[in-house]
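Heads up, the thing below is written out as C-alpha cells.
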Amino acid sequence: MDRIKTKNFSLEHTLECGQVFRYSKRDDFYYLVAGGRVIQLRQEGEFLYYHGASEKFIRTYFRLDEDYERIVKELKKDRHVAKAIEKYSGLRLCRQDPWECLISYICSAASNIPRIKGNIENIARNFGKKIALNGFESHSFPEPADIKELCTIKSCGCGFRSGYILETAKKTGREKIKGLRCLPYEDAKKELMELPGVGEKVADCVLLFSLGFDEAFPIDVWVKRTMEKLYFRGRKTSIKDIRKFALEKFGRYAGYAQQFLFHAERNG
DNA sequence: CGTCAGGTAGCCA
DNA sequence: TGGCTACCTGAC
C-alpha cells in the first residue's frame with residue numbers, strides 16, 4: 001500500500017459523519033467505492049495508507065490540500081461548534097462525484113442510512129459495472145443514460161423516489177451538474193431544484209458534498225432540532241429563519257459547521 | 001406488527 | 001409565503 005502523511009485528518013470521522021454512503025469497514029480497512037473503483041484505506045496516526053487510487057485522487061477526494069486550520073479557527077468562534085470540532089477533529093468534507101451525490105441524496109428523502117446505502121448499492125449492482133479490489137467486490141455507480149427502467153429502479157427498494165431518480169437521470173447529465181460549479185451559489189441551487197425529487201435540502205447536500213459550495217447549509221430534521229436547541233432556546237423555528245441565522249453566523253464555512261453539528265447531534 | 005424515517009411536490013388558505 | 005399531507009417500504 002502507498003501512504004501519505006496527513007495533518008488534521010481523521011479517516012474515521014470523515015467517512016462516518018454521514019456525508020458518504022458507499023463505504024464499509026472490513027478487517028481494519030475501510031473500502032470506499034469512488035471514481036469507478038474500490039479504494040482500500042487505513043489510517044495509522046498521521047499516515048493514511050491507500051490502495052486502488054492515485055495520490056492525486058485521494059488528496060482531491062478528501063480535500064487534503066486545503067487550509068483546515070483556517071476553517072476551524074474561524075468556526076471555533078462559536079462555542080457549540082467548537083465543542084463538536086474538539087470531539088470530531090479531522091472531519092473533512094469530501095469532494096464526491098456530483099452525479100452520484102445527486103442520486104444518493106434523492107434517495108435520502110424520508111429514509112435512513114442503512115436503507116439509503118442499500119438503495120445505492122442496488123442501483124450500482126443493477127446498472128453499474130462490476131469492480132473489485134483484494135477480494136472486495138462492488139459495482140461502479142452507473143451513468144445517467146444507464147439508469148433506465150422504472151421497475152428495475154423500484155426493485156432497488158427506492159420506493160416513491162424511483163420516479164424522481166428516473167426523471168432526473170433523463171433530464172440531466174454529468175457535465176451539466178459539474179458545470180454548476182461555475183455559477184454563484186443561489187443560481188446553482190436554483191438549477192438543481194428544477195430536477196424532480198430535488199428540494200432545498202437535497203440541493204444543498206449536492207452543493208456542499210460534491211460541488212465545493214462550503215456556504216451551503218443543508219437543514220434536515222436533525223440539524224433543525226440541533227439549531228433550535230442551541231441557538232433558539234428550544235423554540236420551533238422555520239427552516240428559512242434557521243438558514244438566515246446560519247449564514248450570518250457561520251458565513252462562508254457554514255457547511256462545515258453544519259456537518260460538525262450534525263455529526264455531534266447524531267452521535268451524542 | 002405498528003411506527004416512523006437525513007424530504008418533496010402539490011394543493012389550499 | 002406558510003402550512004398541511006400523501007408518498008414506498010424497510011429498519012427498529
Side-chain angles (χ1 to χ4, degrees), chain A residues 13-24 84 88 91 93-94 96 98 100-126 147 149-172 186 188-211 213 216-230 232 235-246 254-268:
Chain A
H13 294 153
T14 298
L15 286 180
E16 301 202 359
C17 70
Q19 60 180 326
V20 178
F21 296 110
R22 299 205 75 194
Y23 74 91
S24 57
Y88 299 107
L91 185 167
L93 291 175
C94 294
Q96 298 186 50
E100 177 175 344
C101 191
L102 172 63
I103 297 301
S104 300
Y105 280 91
I106 287 176
C107 288
S108 78
S111 190
N112 53 70
I113 290 177
R115 185 179 176 186
I116 302 163
K117 278 188 160 189
N119 292 161
I120 300 167
E121 281 308 311
N122 292 337
I123 288 172
R125 180 157 4 95
N126 276 308
I147 298 183
E149 303 137 4
L150 186 62
C151 56
T152 313
I153 302 171
K154 281 186 173 164
S155 78
C156 297
C158 299
F160 65 82
R161 308 153 196 85
S162 303
Y164 297 151
I165 294 168
L166 180 65
E167 293 309 311
T168 288
K170 277 189 200 166
K171 263 183 101 169
T172 192
E186 291 295 344
K189 186 167 173 177
K190 202 178 285 177
E191 288 275 324
L192 281 172
M193 287 173 65
E194 296 292 316
L195 299 167
V198 182
E200 283 220 291
K201 195 270 177 178
V202 170
D204 273 330
C205 285
V206 175
L207 292 169
L208 181 62
F209 301 140
S210 73
L211 292 169
F213 288 91
F217 192 87
I219 301 171
D220 56 41
V221 289
W222 293 86
V223 173
K224 187 170 186 291
R225 266 201 294 268
T226 309
M227 293 297 286
E228 286 167 348
K229 187 172 74 187
L230 299 180
F232 296 90
R235 283 197 95 110
K236 291 284 170 206
T237 311
S238 72
I239 286 177
K240 194 183 161 190
D241 288 344
I242 293 175
R243 168 167 298 106
K244 185 169 181 286
F245 175 87
Y256 260 101
Q258 184 271 4
Q259 203 56 26
F260 277 110
L261 291 172
F262 175 80
H263 194 41
E265 175 69 12
R266 293 196 58 140
N267 290 268

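In what follows, every chain begins at residue 1, and chains take the letters A, B, ... in the order their sequences are listed.
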- Message: Quick check: on DNA chain C, is the nucleotide nearest A:Gly157 upstream (toward 5') of the one nearest A:Lys240, or the reverse? Name the residue that is more 5'.
- Response: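 Its nearest nucleotide lies further toward 5', so the answer is A:Lys240.
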
No-H, no-angle donor-acceptor pair, A:Arg115 side chain to C:dC12 base, under 3.5 Å: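 Answer no: no donor N or O sits under 3.5 Å from an acceptor.
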
Any N/O donor-acceptor pair, A:Arg161 side-chain to C:dC8 base, under 3.5 Å:
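Indeed, a donor on one side and an acceptor on the other fall under 3.5 Å apart.
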
Nearest whole angstrom, please: distance from the [atom2] of [N] to the [atom1] of [X].
| X | N | atom1 | atom2 | value |
| --- | --- | --- | --- | --- |
| A:Lys154 | C:dG10 | NZ | P | 13 Å |
| A:Ile239 | C:dG3 | CD1 | P | 11 Å |
| A:Arg225 | B:dC4 | CZ | C1' | 12 Å |
| A:Asp241 | C:dG3 | CG | P | 10 Å |

Polar pairs (N or O, both sides) under 3.5 Å between protein and nucleotides 6-10 of chain B?
from: B:dG6; atom 1: OP1; to: A:Ser111; atom 2: O; distance (Å): 2.6
from: B:dG6; atom 1: O5'; to: A:Ser111; atom 2: O; distance (Å): 3.2
from: B:dG6; atom 1: O6; to: A:Gly18; atom 2: O; distance (Å): 2.6
from: B:dG6; atom 1: N1; to: A:Gly18; atom 2: O; distance (Å): 3.0
from: B:dG6; atom 1: N3; to: A:Asp220; atom 2: OD2; distance (Å): 3.4
from: B:dG7; atom 1: OP1; to: A:Val221; atom 2: N; distance (Å): 3.3
from: B:dT8; atom 1: OP1; to: A:Gly199; atom 2: N; distance (Å): 2.7
from: B:dT8; atom 1: OP1; to: A:Gly199; atom 2: O; distance (Å): 3.2
from: B:dT8; atom 1: OP1; to: A:Lys201; atom 2: N; distance (Å): 3.4
from: B:dT8; atom 1: OP1; to: A:Val202; atom 2: N; distance (Å): 3.0
from: B:dA9; atom 1: OP1; to: A:Gly197; atom 2: N; distance (Å): 3.1

#### Entry: Any donor-acceptor pair under 3.5 Å from A:Lys189 side chain to A:Ala216 backbone
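The answer is no, because no donor-acceptor pair under 3.5 Å joins these two groups.
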
Check: A:Thr14 main-chain N/O paired with A:Gln19 side-chain donor or acceptor under 3.5 Å |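 Yes: the side chain of A:Gln19 pairs with the backbone of A:Thr14.
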
task = Give, for atom CD1 of A:Ile239 and atom CD of A:Glu200, the distance between the pair rounded to the nearest 0.5 Å.
result =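 The CD atom of A:Glu200 is 7.5 Å from CD1 of A:Ile239, to the nearest 0.5 Å.
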
ask   = Between atom OH of A:Tyr88 and atom CG of A:Leu261, what is the distance when rounded to the nearest 0.5 Å?
value =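 Nearest 0.5 Å value for the OH-CG distance: 11.5 Å.
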
inquiry  = Within the supplied structure, the quantity of interest is the number of heavy atoms (other residues, nucleotides, ligands) at a distance under 6.0 Å from A:Lys224 NZ; does it exceed 12?
reply    =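 Atom NZ in A:Lys224 is crowded, with more than 12 foreign heavy atoms closer than 6.0 Å.
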
task: Take atom P in C:dG3 and the same atom in B:dG6, then report the distance between them in whole Å.
output: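 23 Å, rounded to whole Å.
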
Separation of the P atoms in C:dC8 and B:dC1, to the nearest angstrom
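Looking at atom P only, C:dC8 and B:dC1 are 24 Å apart.
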
Tell me whether A:Glu121 is salt-bridged to A:Arg22, with the criterion being a basic N under 4.0 Å from an acidic carboxylate O.
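A:Arg22 and A:Glu121: salt-bridged.
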
- Is the shortest side-chain N to carboxylate O distance from A:Glu228 to A:Arg225 below 4.0 Å?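 No salt bridge links A:Glu228 with A:Arg225.
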
| field | Name of the residue among A:Ile106, A:Asn119, A:Ile116 meeting side-chain contact (heavy atoms from CB on, under 4.5 Å) with A:Cys158 | value |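 With A:Cys158 as partner, side-chain contact (heavy atoms from CB on, under 4.5 Å) holds for just one option, A:Asn119.
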
Is A:Lys244 close enough and on-axis enough to A:Phe217, meaning under 6.0 Å and within 45°, for cation-pi?
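So A:Lys244 doesn't make the cation-pi contact.
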
| said: Quick check: do A:Arg243 and A:Asp204 have side-chain heavy atoms less than 4.5 Å from each other? | reply: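 Yes - at least one pair of side-chain heavy atoms lies under 4.5 Å apart.
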
Please work out whether the ring planes of A:Tyr105 and A:Phe209 are parallel, tilted or perpendicular, with thresholds of 30° and 60°.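 Ring orientation of A:Tyr105 relative to A:Phe209: tilted.
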
Parsed dot-bracket for DNA chain C after applying the Watson-Crick and G-U rules with both distances under 3.5 Å and | for other-strand partners is |||||||.||||

Give me, pair by pair, the N or O atoms of the protein and of nucleotides 11-13 of chain B that are less than 3.5 Å apart, along with how far apart they are.
none

